[in-house]
J.: 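Below: one structure in C-alpha cells.
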Amino acid sequence: MVKVISQQVFNETVSENMELLDLNVEEAIIETVQQFKAQNVDLTNIVKDSFILDEENPVALIVKKLHLTNNETDINLYINELQKLCQRGVEYKLLCGKEQVFEVFIDKLLLDISMDLKQNIINFFNVFLDGYPDILDVRSCNLFLDMLESSPELLKIVVRLINITCLKHERNRQMYMENNIISRISNLINNKPSSEVLCLVLSIIPALTRDDDIRSEISNMYMHACSLSKKLLKPLCHFLKENEIEENVVESLLNALSSIVVNNDHCLIVDSVECVPVVLNLIKNYRQNKKILIKCFTFLFVLAGNDDICNKIMKLDVASELLFAMNTYINSKNMTLASLKLTSRLCLRKPNHGQIFFQIDFPTYVIQAMKVFEKDGSVQVAGCWCIRNMTSRNHEFRINYLNVGAEEVLNKILAEFKEHEQDAKFALIELDCPVMLNEPWIGKEGQKLKQ
C-alpha cells in the first residue's frame, strides 16, 4: 500500500540527514527522496527544491509583494512567476494553496482592474486549478458565474475554468448548481449569442452532469440533468432544428442534449418537438463529419430507450446509415462503439429490427470491427451485445454470424478477457454454440458440495 507524508515531515527528514550525514541541502534532498521511495512513500505532492528549508519560500515572497502593490505591470509579472511554478507540478499548486494565492487573486478580481489583468488572472487560475479544483469556494464560484456575462474574450477563459473545476469534483458541480448556474446558461442561450459563445456555453452542460468523482459515494448527476432539462431541453431542441447552423454548433448541441436526456419523459419532450427526424437528417447531411455522426448516434442511443421512438428511428432508415458508418470509419474506435451500441439498443426485444440489419449483411461489419479492435474490451463487449440482441429472437439468422466467424471471435474473448467472459457466453448461447458454464456449487473434483 502506498504511503503519504506531509511537507513538514519531509523537511524535517532533510534537516536530520544534513546533520547526521554531513550533507548539503541538495545532497540531503536526494538522500531523503531515496529513503522514502524505498519505504513506498508517494512524494508526488512534496516540494523537493532546496528552498524548502528557507524561512520563506518563493510563493510566500510573491504573495507578500502582491499584498503591497496595485500596480498592474508588477502584478502581471508576479502572475507569470507563479504560473511557471505551478506548471512544474501539483506540489507547487498545493504550495500556492497553502500560501492563499487563490484568495489574494480573488480579492484583486473584485477591485476595479483592467480587462487585461482580469484575463491574466483567470488564465493563471486555469493552470493553477487544473488537477487541483478543491480550493473553489462560494465566493469565487459566484464571481466566476458573474463573469459569464462579460465580454466574449473573458467568457471563453471563464467557461474553461468552470469546466476544469467541475472535472472529477462533485462538490464543485453541486456548488455551481446551488448558485443558479442554470439561469445564467439559459439567459446566454436566449440572447441568441454568436456561434463561438454558444458552443462555449453549451460545453458547461455536460460538465455539470458528470459522475467521475471517486471520492463521492453518491453523485447528483441525474438530478442535475433533470434540472437542466427542465429549463433547457426545449430551447436546445429548437436550436437544433434551425436550418442554418454551423457544424461546431451542431456537435455542441448534440453533446449537450445527450447529457441531459436521462429518462423517458425527456425522450417524449424531444419527440414532441419533432427532433428525431432532424437528427436523422443531420446524419445524412454530415456523413463525412465523423464527430457529428458519433454525436448523432450517441443521442439516438439515448432516445431509443423509448419503444415508440425506437420504432420511429428504424422507420427513418437508420440501419443503412449505421452500415455506412461501420464500413467507412472501420478504424475509428469511437465510431465503432457508437454504432454497435445504437444497433444493440435498436434490436433489443425488437426481432423485426434485427431482421432489417441481417438483410443488409450487418453481421459482417460487426465481426470485422471486433477483429480490428481485438485488444479493446469495450468494443468486444459492444459487439457481444449486438450479436445477442440481433439474434435473440431471430434464431433462424444465427447462421449469418457463424458464417463470418463469430464463434471464433467470441471464444477468443473468453480466452483473453476474463472480465467480459459473461458477455461472450451470452452471445455464444444465442448462436447455439458450445459453452462451458461455471457452476459455483460444484467442487474442484466435480462432486456437488454437501449441504
Side-chain angles (χ1 to χ4, degrees), residues 4-19 21 23-33 35-36 41-137 139-141 143-144 147 154 157-158 160-161 164-165:
V4 293
I5 59 169
S6 66
Q7 185 72 50
Q8 182 180 353
V9 170
F10 184 84
N11 295 355
E12 290 172 354
T13 308
V14 171
S15 297
E16 290 174 4
N17 283 333
M18 289 176 66
E19 184 178 346
L21 303 176
L23 302 173
N24 61 33
V25 177
E26 288 79 7
E27 292 170 337
I29 289 173
I30 294 171
E31 176 65 25
T32 304
V33 168
Q35 288 174 1
F36 280 123
V41 174
D42 183 4
L43 299 176
T44 304
N45 296 336
I46 300 298
V47 177
K48 296 175 277 290
D49 280 339
S50 57
F51 65 74
I52 59 174
L53 298 184
D54 297 342
E55 289 186 8
E56 289 187 302
N57 60 65
V59 176
L61 291 172
I62 293 172
V63 169
K64 269 192 174 182
K65 295 175 184 177
L66 283 168
H67 280 303
L68 297 173
T69 184
N70 284 321
N71 183 286
E72 295 197 359
T73 302
D74 291 339
I75 294 172
N76 282 324
L77 289 174
Y78 300 145
I79 289 173
N80 290 336
E81 290 179 30
L82 288 169
Q83 187 159 317
K84 287 176 183 177
L85 284 171
C86 288
Q87 287 171 336
R88 293 176 65 176
V90 69
E91 62 270 31
Y92 293 92
K93 296 179 182 180
L94 293 171
L95 185 58
C96 286
K98 181 182 177 182
E99 299 295 341
Q100 297 190 316
V101 168
F102 185 69
E103 290 78 2
V104 171
F105 280 127
I106 291 294
D107 289 339
K108 298 289 185 188
L109 286 171
L110 292 170
L111 299 175
D112 185 17
I113 60 176
S114 69
M115 182 59 69
D116 284 343
L117 182 55
K118 282 185 180 180
Q119 290 181 13
N120 285 342
I121 292 174
I122 298 299
N123 276 323
F124 167 68
F125 282 166
N126 276 321
V127 175
F128 174 43
L129 298 183
D130 190 4
Y132 179 47
D134 298 41
I135 205 164
L136 188 74
D137 56 18
R139 183 174 74 137
S140 55
C141 170
L143 179 59
F144 298 155
M147 287 181 175
L154 186 58
I157 53 178
V158 170
R160 180 165 178 259
L161 180 59
I164 283 173
T165 53

J.: What residues, two or more places apart in sequence or in another chain, satisfy side chain to side chain donor-acceptor pair (under 3.5 Å) together with N123?
T.: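 Per chain and number, N123 pairs via side chain to side chain donor-acceptor pair (under 3.5 Å) with no residue.
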J.: For T44, enumerate each residue passing the side chain to side chain donor-acceptor pair (under 3.5 Å) test, keeping only those at least two apart in sequence or located in another chain.
T.: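 So T44 forms a side chain to side chain donor-acceptor pair (under 3.5 Å) with D42.
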J.: How would you list all residue pairs meeting salt bridge (Lys or Arg N to Asp or Glu O under 4.0 Å) that involve residues 61-70, not counting sequence neighbours?
T.: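 Non-adjacent pairs meeting salt bridge (Lys or Arg N to Asp or Glu O under 4.0 Å): E56-K64.
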J.: Who are the side chain to side chain contact (heavy atoms under 4.5 Å, CB included) partners of L21, not counting sequence neighbours?
T.: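 Here the qualifying residues are N17, L23, E31.
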J.: Name every donor-acceptor pair, under 3.5 Å, that has one atom in a side chain of residues 124-131 and the other anywhere in the protein, sequence neighbours excluded.
T.:
{"unit_1": "N126", "atom_1": "OD1", "unit_2": "L161", "atom_2": "N", "d": "3.1"}
{"unit_1": "N126", "atom_1": "ND2", "unit_2": "I122", "atom_2": "O", "d": "3.4"}
{"unit_1": "N126", "atom_1": "ND2", "unit_2": "I157", "atom_2": "O", "d": "3.2"}

J.: Tell me every residue that passes side chain to side chain contact (heavy atoms under 4.5 Å, CB included) with D107, counting only those two or more places apart in sequence or in another chain.
T.: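 D107: side chain to side chain contact (heavy atoms under 4.5 Å, CB included) contacts with R139.
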J.: Taking S140 for the side chain and L136 for the main chain, is one N or O donor matched with an acceptor at less than 3.5 Å?
T.: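 No, the answer is negative, given that no donor and acceptor are paired below the 3.5 Å cut-off.
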J.: If we ignore angles and hydrogens, is there a donor and acceptor under 3.5 Å between the side chains of N76 and T73?
T.: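 No, because no side-chain N or O of N76 sits under 3.5 Å from a partner of the opposite role on T73.
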J.: Drop me the distance from N45's CG to L94's CG, to the nearest 0.5 angstrom.
T.: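 Reported value, rounded in 0.5 Å steps: 5.0 Å.
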J.: Check the pair I106, I121 against side-chain contact (heavy atoms from CB on, under 4.5 Å), reporting the backbone distance first and the verdict last.
T.: CA-CA 9 Å; I106 291 294; I121 292 174; over 6 Å; no
J.: Only pairs at least two apart or in different chains count here, so list each ring-ring contact (aromatic ring centres under 6.0 Å, His included) that has a residue in residues 46-96.
T.: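 Qualifying pairs: none.
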J.: Would you mind listing every side chain to side chain donor-acceptor pair (under 3.5 Å) that reaches into residues 5-14, with sequence neighbours excluded?
T.: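 Non-adjacent pairs meeting side chain to side chain donor-acceptor pair (under 3.5 Å): Q7-N11, Q8-E12.
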J.: What residues form a side chain to side chain donor-acceptor pair (under 3.5 Å) with E99, not counting sequence neighbours?
T.: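 So E99 forms a side chain to side chain donor-acceptor pair (under 3.5 Å) with N57.
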J.: Name each donor-acceptor pair under 3.5 Å that joins a side chain in residues 111-118 to protein atoms two or more places apart or in another chain, with its distance.
T.:
{"unit_1": "S114", "atom_1": "OG", "unit_2": "E72", "atom_2": "OE1", "d": "2.6"}
{"unit_1": "S114", "atom_1": "OG", "unit_2": "L117", "atom_2": "N", "d": "3.2"}

J.: State, to 0.1 Å, how close K48 and V33 come at their nearest heavy-atom pair, and which atoms those are.
T.: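 It is CD-CG2, 3.6 Å.
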J.: Calculate, to the nearest 0.5 Å, the distance between atoms CG and CD1 belonging to L82 and I62 respectively.
T.: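 Reported to 0.5 Å precision, the distance equals 4.0 Å.
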J.: Please, which pairs that meet salt bridge (Lys or Arg N to Asp or Glu O under 4.0 Å) have at least one residue in residues 80-92, sequence neighbours excluded?
T.: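 Applying salt bridge (Lys or Arg N to Asp or Glu O under 4.0 Å) to every pair that reaches into residues 80-92, excluding sequence neighbours, yields D49-R88.
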J.: Quick one: list whatever passes side chain to side chain donor-acceptor pair (under 3.5 Å) with D74, sequence neighbours left out.
T.: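 D74 satisfies side chain to side chain donor-acceptor pair (under 3.5 Å) with no other residue.
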